[in-house]
Every structure is written in structure tokens, then in C-alpha cells.
Amino acid sequence: MLAGGIGGARFLLGLRELGHDVTVIGNNGDDITLYGLRVCPDLDTVMYTLGGGSSVERGWGREAESFRVTEELTHYAAAIGADNAADVPTWFGLGDLDLATHLLRTAWLRDGVALSEVTRRLCERWPLGVRLLPATDDPVETHVTLADGRTVHFQEWWVRVHADVPATRIEFTGAATAGPAPGVIEAIVSADVVLLPPSNPVVSVGAILAIPAVAEAVRRTPAPVVGLSPVIGGAPVRGMADACLMAIGVETDAGAVAQHYGRRPTGFLDGWLVDDTDAAAVEPLRKCGIACIARPLLMSDLGATTAMAQAALDLANDLRT
Ligand code: FO1
């Protein structure tokens with residue numbers, strides 16, 4: 001499965017219930033360096049969520065977290081004045097427990113350890129029940145150009161600006177020349193099924209597919225590729241996927257997202273699940289050669305999420321026969 005942050009992690013909780021051997025290819029586009037620390041939000045969200053350590057309320061970071069370090073940084077920023085504080089990014093909340101992850105990751109990366117090995121080591125602490133691989137060991141970051149012409153890191157647009165300012169361009173810096181992390185291509189081409197979860201199709205799954213070798217592997221794997229719509233009834237289930245879709249000129253619509261992914265082998269999909277609300281999208285997609293079914297797609301609890309995962313695997317099985 002190709003996974004973004006919160007949506008991907010929650011879907012994985014359901015998929016894990018089915019007891020299969022799962023490899024998760026995590027998005028690195030959201031990665032950011034703050035105070036010299038390398039932060040990988042989507043990898044950490046998957047790790048903490050499956051490990052039972054994530055904040056249920058926030059969906060990111062740790063449960064029972066405190067933010068004393070960030071508060072102290074805020075005091076420094078206030079004391080030194082706006083000009084000097086411009087490079088003190090207190091708008092991004094790094095929790096005290098979460099900081100331990102970033103400290104270790106950064107120390108290992110500085111010692112020359114690859115991100116995939118760093119991720120493997122960090123995951124030793126958490127009983128994930130799946131194998132988590134970063135999409136790439138190379139540095140990639142998603143950058144967003146705003147209507148006022150400034151280009152900022154995705155996190156600055158997402159967290160600081162709440163995507164309130166329209167984006168005119170979303171760029172996956174480093175992705176075109178990034179190589180896949182060890183194990184990524186093998187996992188995709190030897191899989192029984194490749195799943196695109198209800199994650200953000202632009203900055204989560206899209207950022208992973210921006211790595212050419214990963215895109216190529218998804219196009220040519222003998223496994224069926226099945227996705228689940230992150231859009232229900234014309235709105236993202238959570239997050240601000242609509243702002244990202246608007247930036248690339250795609251309508252916030254379950255059928256439009258499938259068309260954006262496209263049908264293999266030029267695109268990425270064999271099958272697509274839409275919510276029952278969007279049943280009208282089924283026939284037009286089938287006519288385009290994408291096997292589409294409508295099912296309840298709200299991840300309201302573990303049972304509902306597990307049923308979604310089973311429905312996706314059932315569709316994959318139908319495609320295989
Ligand atoms: N999201 C926020 O809305 N505000 C934050 O201060 C914030 C901090 C943060 C720290 C670590 C981490 O792993 C994730 C964090 N997130 C925060 C979530 C993150 O910005 C995004 O939701 C994802 O990158 C999108 O998948």
C-alpha cells in the first residue's frame with residue numbers, strides 16, 4: 001500500500017485486521033528540516049498510529065504529549081523580535097515525546113544511515129504489524145507556490161496558512177531524480193494487490209508516484225491496483241485535499257480523482273471504490289475501463305474501516321480472475 005499520513009494510517013488499522021502480509025510505502029514529500037532536525041510526518045503518523053502511540057484527537061504526533069519545548073521556543077521568538085524570529089518555526093508543533101524520534105532520526109542520518117534503515121530502527125520500538133518503507137532514501141520535499149508568487153514548503157502552506165491562500169503550483173522537489181528505497185520496487189512488483197488508500201491524491205499518493213521508478217513499478221506490476229476515494233459527496237473526508245486538487249485543476253469529486261489517477265498502464269488504476277453517495281460515478285468509470293464499485297467509505301470505526309479494506313481486496317480478487 002502507498003500511504004500518506006492520517007487517512008493512510010487509519011485505513012491501515014482496518015487492513016491490518018485482515019491478517020495479510022502488508023508492506024507500506026510511505027510518503028516523504030511532507031518531510032521537513034526544522035531546527036536542523038529531519039521530521040518525516042507521514043512515516044511517523046503511520047508508525048505511531050499502528051504502534052498505538054498516536055494522538056487520537058489530532059491524528060498526528062503522540063498521545064499524552066506535551067509541548068514544553070515548542071512553548072519555550074515561542075518565548076525565545078517573542079523575546080528576540082519579529083525579524084530575528086522569522087526562522088524560528090514555532091507554527092509547527094513539535095511535541096516533547098515526538099522530538100525524541102526526530103533527534104534519533106537526525107543523528108542516524110548525519111552518521112550516514114539511510115532513511116529506510118533509520119525507519120526500520122525506529123519501528124523496532126512500535127508493534128506495527130506491517131513493514132514500513134519510505135518511498136525513497138533521497139531528500140524530497142513538496143513545495144507550494146502561492147497566489148502571491150511566494151514558494152513555501154508544503155508544511156508552511158498546510159499548517160501555518162491552513163491552505164487558506166490558494167496554491168498555483170505544487171512541486172515535488174527532488175522527486176524526478178530520486179531513486180526508490182530498498183525493497184520498494186520488489187514489494188510492488190511481487191505484491192498480490194497494490195492498494196491506494198483514501199489518502200490525499202496530490203500531496204500524499206501523488207508525491208510517491210512522482211518518483212519515476214515507483215510510478216513505473218505501479219504501472220507494470222502484475223498485481224491489480226485498487227484505490228479508494230478520499231473524496232465523498234464532493235468534499236474530502238478529512239484534511240484539505242480540495243485545496244490540493246484545485247491547485248492541479250482537478251475537481252473535488254470521487255470520479256474525477258479516479259480519472260486523475262487514470263487507468264493502467266498509462267495511468268495507475270485497475271479498480272476504484274467510491275462511497276455509496278457517489279454511486280453515479282460507477283458507470284462512467286466502468287466505461288473508461290476502471291472497475292468501479294460503490295461501498296460505504298467512511299472510516300467511522302475499526303469495523304467500518306476493516307470492511308472497506310476487505311471490499312478493496314475483494315475487488316482486486318475479481319480483477320485477477
Ligand atoms: N499538523 C498541524 O496541523 N499542526 C502542527 O503543528 C503539526 C505538527 C506536526 C508535527 C509532527 C508530525 O509528524 C506531524 C505534524 N502535523 C501538524 C501534521 C502534518 O503537518 C500534516 O498533517 C501531514 O504532513 C499531512 O499528511
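The structure displayed is predicted, hence computed values, not measured ones. Note that ligands are numbered from 1 as they come in the structure, with each ligand's atoms numbered from 1 the same way.
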Of all the non-hydrogen atoms in the protein, which one sits nearest to atom 18 (C) of ligand 1, and at what distance?
Trp60 CG, 3.4 Å

Below 4.0 angstrom from a heavy atom of Gly93, which ligand 1 atoms are there? Numbered from 1 as shown, please.
5 (C), 6 (O), 8 (C), 9 (C), 10 (C)

Less than 4.5 Å apart, any side-chain heavy atom of Trp91 and any of Glu156?
yes

Give me the nearest non-hydrogen protein atom to atom 4 (N) of ligand 1 as residue plus atom name, then the distance to 0.1 Å.
Val159 CG1, 3.3 Å

What protein heavy atom sits nearest atom 22 (O) of ligand 1, and how far away is it?
Trp158 NE1, 3.5 Å

Structural part of Asn27 in contact with ligand 1, heavy atom criterion under 4.0 angstrom:
neither

Give the intermediate values and the outcome of salt bridge (charged side-chain N to carboxylate O under 4.0 Å, His left out) for residues Glu117 and Arg120.
CA-CA 5 Å; Glu117 171 59 15; Arg120 193 196 63 75; 2.9 Å; yes

Show me the side-chain donor-acceptor pairs of residues 290-305 shorter than 3.5 Å, one per line, residues at least two apart or across chains.
from, atom 1, to, atom 2, distance (Å)
Asp301, OD1, Gly303, N, 3.1
Asp301, OD1, Ala304, N, 2.8
Thr305, OG1, Asp301, O, 2.8

Can you list, pair by pair, the side-chain donor-acceptor contacts under 3.5 Å of residues 219-230, counting residues two or more places apart and other chains?
from, atom 1, to, atom 2, distance (Å)
Arg219, NE, Pro265, O, 3.4
Arg219, NE, Thr266, O, 2.9
Arg219, NH2, Thr266, O, 3.4
Thr221, OG1, Ile188, O, 2.7
Thr221, OG1, Ala223, N, 3.2
Ser229, OG, Val231, N, 3.0
Ser229, OG, Val231, O, 2.7

Report the part of Trp91 in contact with ligand 1, treating N, CA, C, O as backbone and CB onward as side chain, heavy atoms under 4.0 Å; options are side chain, backbone, both, neither.
backbone

What is the closest protein heavy atom to atom 11 (C) of ligand 1, and at what distance does it sit?
Asp98 OD2, 3.3 Å

Can you find an N/O atom of Asp42 closer than 3.5 Å to an N/O atom of ligand 1?
yes

May I ask whether Tyr48 has any heavy atom positioned less than 4.0 angstrom from an atom of ligand 1?
no

For atom 12 (C) of ligand 1, the protein heavy atom that lies nearest, with its residue and separation
Pro41 CB, 3.9 Å

Whether Glu283 and Arg286 form a salt bridge (side-chain N of Lys/Arg under 4.0 Å from carboxylate O of Asp/Glu) is what I want to check.
yes

Would you sort out whether Arg62 and Asp98 count as a salt bridge (charged side-chain N to carboxylate O under 4.0 Å, His left out), showing the intermediate values?
CA-CA 6 Å; Arg62 296 284 304 274; Asp98 192 30; over 6 Å; no

To check you understand the geometry: which heavy-atom pair defines the closest contact between Ala312 and Leu195, and what is its length?
CB-CD2, 3.9 Å

Quick one: do the Asp96 and Ser66 side chains pair a donor with an acceptor below 3.5 Å?
yes

Asp30 N/O under 3.5 Å from ligand 1 N/O
yes

Give yes or no for whether the N/O distance cutoff of 3.5 Å, strictly under, is met between Gln155 and ligand 1.
yes

